[in-house]
There are 4 protein chains.
Amino acid sequence: MPKIVDHDRYRKELLVKSFDLFAEKGYAAITMRQVAQGLGVSTGTLYHYFPGKEALFEQLVEELADADIANFSELSEGKSIAELAEAEFKLIEQNREYFLKQMLIMADYYQQQRREGKEISPVLRRICDRVEAAVSKMLGIDDPNFLLFLMSYTDGLLLQELYGHRKIDYQAQAKILIGMLENYFKQNTKNHD
Amino acid sequence: MPKIVDHDRYRKELLVKSFDLFAEKGYAAITMRQVAQGLGVSTGTLYHYFPGKEALFEQLVEELADADIANFSELSEGKSIAELAEAEFKLIEQNREYFLKQMLIMADYYQQQRREGKEISPVLRRICDRVEAAVSKMLGIDDPNFLLFLMSYTDGLLLQELYGHRKIDYQAQAKILIGMLENYFKQNTKNHD
Amino acid sequence: MPKIVDHDRYRKELLVKSFDLFAEKGYAAITMRQVAQGLGVSTGTLYHYFPGKEALFEQLVEELADADIANFSELSEGKSIAELAEAEFKLIEQNREYFLKQMLIMADYYQQQRREGKEISPVLRRICDRVEAAVSKMLGIDDPNFLLFLMSYTDGLLLQELYGHRKIDYQAQAKILIGMLENYFKQNTKNHD
Amino acid sequence: MPKIVDHDRYRKELLVKSFDLFAEKGYAAITMRQVAQGLGVSTGTLYHYFPGKEALFEQLVEELADADIANFSELSEGKSIAELAEAEFKLIEQNREYFLKQMLIMADYYQQQRREGKEISPVLRRICDRVEAAVSKMLGIDDPNFLLFLMSYTDGLLLQELYGHRKIDYQAQAKILIGMLENYFKQNTKNHD
DNA sequence: AATGAATGAGAATTCATTCAT
DNA sequence: AATGAATGAATTCTCATTCAT
């Protein structure tokens, strides 16, 4: 069944391409025709690969959960905390478009699930967990509360972007974070004594 | 002699009541009929007070920008940093529903403005600025970068709720924040010497 | 019951004022609010004087049927045919706005009656007959076929305005009509011998 | 392979079929649902072929401007003026339904354009000009003023139909017209001497 | 597989009319 | 009498979805 592979491969390709479209307009606001057009296919074809709009969106979010947070791992080797933090912020800054879009899609998905009375989606949690794990490994931090703090801070920074905050100085933020981290490790070391 | 109605007062009342509705479903997903029903009026009446769905939503966001962040000011008197931070987190925890909804509405508004090719809305910025000013005054902090850090952190914490994070331990987070703050003030004092 | 006189007088005043409004937009396209606004009253007041939109329009058309075709009679005294014809055309030209509007309203009324399956309205006929009688008296012509010809010609001339005909040369048309009339009278006289 | 439909051909077919519907009820009074129903299609299909009600109506009027005034040319060969005139009136009488409807549509269009503050439509003029050209060629008359007279007369005759005039005697009218024409040609010939 | 024409339920919005004041 | 707020049915138009080709 080589055909099925092709079918599946193409489906995923469409999913990836639809990411921007959903992020730009939002699930409820975008139409299937717009999606089809954006993907360069007919609506008929779109429905050939996905049973409907809702399923398409769900699969997109699941795709996000499966997608590699590829870049994170690159930087994690044997550097000082300061270097790591700086590298992380550079990475965030460089991909802020992507992260912002992912955030918007997740917010959209959250609302959609709520609308339909469903419990908070395990898919969102999965995405969240994986990012957390990546950050944990990258910075060598295990304390869940401190991890939550870090995640919140970086996610929140992206939110500020959305809120229209005047140009964010990622360098300065990195410096603050480094201070936090150094302090954290100092204290942690003390505690472990 | 017309029916005696304070048009403007009633309009604002409707706006306030529509907050939950828009937050729950999202701008694009909710219908004017649903809004009308939720407000307990007919669609005709809704259109009597607002020229259209878009205007209604915009006025809602503007209302948000004008609304008092009343509760913040209460706690700001002569307490230690630790007390203030603890109080702030309690406040966030208690109002997390409201703050989350506001966040969703702002994200929605952001998308809607983008969809229409408008520049990033000054209204969002106004909301953002006011919250920042409130936090600044409350905690007695002026450094914009540190303020941004704080805002990001607290906003990001709310985002984690949305992402389906298992019960967030606001107490533990408060502790972390206090550590940060104490460290910040210590350092700041040193620098000023 | 002096009040009733006032009521009735005011009603007619409103009718007269509504003539332009209906002519400009058409019965179906104009809204009662627009009419009210155009008349400088509230919709409530409008409904106080007329039971509804349809009745208002019907009364307007009836008002047209009752209105004096005042100006026509002025010119009818002891003049030559050429003079009369010329005078008539000047009159048409001067009032072409009014006549055009009347034409539009009558066409509208015709359609509305048809829509409701009613027979061709006697009211329209009444207007038509009165105009015919006026022309007959004015030009001293009795032959119904020739009168019909005359009416058709002048009404048709107005239609040409509506069709966007470049500036119509009423002088030239008057000359043609005079030729027709003179010829008609010559022949008629011969026939009567 | 899409369903094989000649989009443009079908669009024109719909236009032609919508002629009666618009003439019967008027642009503002007829609803798109009614049009769709009258054409035997769904509203969705109607909107698939036309961007909106206004565009549909405009295209209809343009279609009228392009439509052949086919029948006119038939009769124009080598006959006496009397025969031509008689033939014309027979033609008008036979198609009076069609001409009346065209007149109503044009009046409607005129109002609609005015409503929107547009200048007098070139489309109406185009229709008008083409009819004029046809009549000119048919009767062999060039004098624009005399042509205007003829057009006005015949159009006006149709108007009388609308005004509810009792049965119009087209034979008698033809006789009058013949008189006019003969007189016109006689005089014209004299002038050319 | 792929297309896009067709559908009709449902969205935003309007409007004649009613009615409390 | 006069006002204009309130209503909800009806209008224009959209859109997810289906289906013949």
Side-chain angles (χ1 to χ4, degrees), chain A residues 3 6-7 10-11 28-37 40-57, chain B residues 1-7 10-11 28-37 39-56, chain C residues 3 6-7 10-11 28-37 40-57, chain D residues 1-7 10-11 28-37 39-56:
Chain A
K3 281 289 172 198
D6 273 356
H7 184 95
Y10 192 45
R11 212 195 75 236
I30 205 169
T31 73
M32 284 300 262
R33 250 211 279 282
Q34 286 170 328
V35 173
Q37 202 154 38
V41 300
S42 66
T43 57
T45 300
L46 201 52
Y47 275 89
H48 183 67
Y49 286 97
F50 304 97
K53 191 184 184 185
E54 199 176 320
L56 168 55
F57 188 52
Chain B
M1 291 139 251
K3 226 178 263 189
I4 289 158
V5 177
D6 186 333
H7 191 93
Y10 191 45
R11 212 195 75 236
I30 205 169
T31 73
M32 285 300 263
R33 248 210 280 280
Q34 287 170 328
V35 173
Q37 205 152 36
L39 297 177
V41 300
S42 66
T43 57
T45 299
L46 200 51
Y47 278 91
H48 183 66
Y49 286 96
F50 305 97
K53 191 185 184 184
E54 198 175 322
L56 167 55
Chain C
K3 279 291 168 193
D6 272 358
H7 184 96
Y10 191 45
R11 211 195 77 238
I30 205 170
T31 72
M32 284 298 263
R33 248 209 281 280
Q34 286 170 328
V35 173
Q37 201 155 39
V41 299
S42 66
T43 56
T45 300
L46 200 53
Y47 275 90
H48 184 68
Y49 285 97
F50 305 97
K53 191 183 183 185
E54 199 176 320
L56 167 56
F57 187 52
Chain D
M1 292 137 248
K3 227 177 263 188
I4 289 159
V5 177
D6 187 333
H7 191 95
Y10 191 46
R11 210 195 77 238
I30 205 169
T31 74
M32 285 300 262
R33 248 212 279 281
Q34 286 170 330
V35 173
Q37 205 152 36
L39 297 176
V41 299
S42 66
T43 57
T45 299
L46 200 51
Y47 278 92
H48 183 66
Y49 286 96
F50 304 97
K53 190 184 185 184
E54 198 176 321
L56 167 55

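Order of the sequence lines fixes the chain letters, A, B, ..., with proteins taken first and strands second; residue numbering starts at 1 for each chain.
Atom pair B:D6:CG and F:dA5:C1' shows a separation of 13 Å (rounding to whole Å applied). Atom-to-atom, CD of B:Q37 to C1' of E:dA11 comes out at 15 Å; the value is rounded to the nearest Å. Separating the NE2 atom of D:H7 from the C1' atom of E:dA6 is a distance of 12 Å, rounded to the nearest angstrom. Spacing between atom CZ of B:F50 and atom C1' of E:dT14 amounts to 18 Å, rounded to whole angstrom units. Distance B:L46 CG to E:dA11 C1': 14 Å, rounded to the nearest Å.
By the ring-ring contact (aromatic ring centres under 6.0 Å, His included) test, C:F57 is found to be paired with C:F22, C:Y27, C:Y109, residues two or more places apart in sequence or in another chain being considered. For the side chain to side chain contact (heavy atoms under 4.5 Å, CB included) test, residues two or more places apart in sequence or in another chain that qualify with D:T31 are D:R33, D:Q34. With sequence neighbours excluded, the residues forming a ring-ring contact (aromatic ring centres under 6.0 Å, His included) with A:Y49 are A:H7, A:Y10, listed by chain and number.
For residues 46-55 of chain D, every residue pair satisfying the salt bridge (Lys or Arg N to Asp or Glu O under 4.0 Å) rule, not counting sequence neighbours, is listed here: D:E54-D:K118. Residue pairs meeting the salt bridge (Lys or Arg N to Asp or Glu O under 4.0 Å) criterion with at least one member in residues 40-50 of chain D, sequence neighbours excluded, do not occur. Listed by first then second residue, pairs satisfying salt bridge (Lys or Arg N to Asp or Glu O under 4.0 Å) with a partner in residues 39-49 of chain B number zero, not counting sequence neighbours.
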N/O donor to acceptor pairs below 3.5 angstrom from side-chain atoms of residues 39-48 of chain B, sequence neighbours left out:
from  : atom 1 : to    : atom 2 : distance (Å)
B:S42 : OG     : B:T45 : N      : 3.2
B:S42 : OG     : B:T45 : OG1    : 3.0

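Checking F:dA5, F:dG8, E:dA2 against the side-chain heavy atoms of B:S42 singles out F:dG8 as nearest. Listed nucleotides E:dA1, E:dT3, E:dA5 differ in distance to A:Y49; the shortest reach to its side chain belongs to E:dA1.
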Let me have a per-nucleotide readout for nucleotides 9-14 of chain F, 5' to 3', with B, S or -, counting only protein heavy atoms under 4.0 Å.
-> B-BSBB

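With the 3.5 Å cutoff on both pairing distances, Watson-Crick and G-U pairs in DNA chain E assemble into runs of at least 3 at E:2-21 with F:2-21.
D:H48 has no side-chain polar atom (N or O) that falls below the 4.0 Å cut-off from OP1 or OP2 of E:dG4. Here D:T45 does not reach the OP1 or OP2 of E:dA5: none of its side-chain N or O atoms lies under 4.0 Å away.
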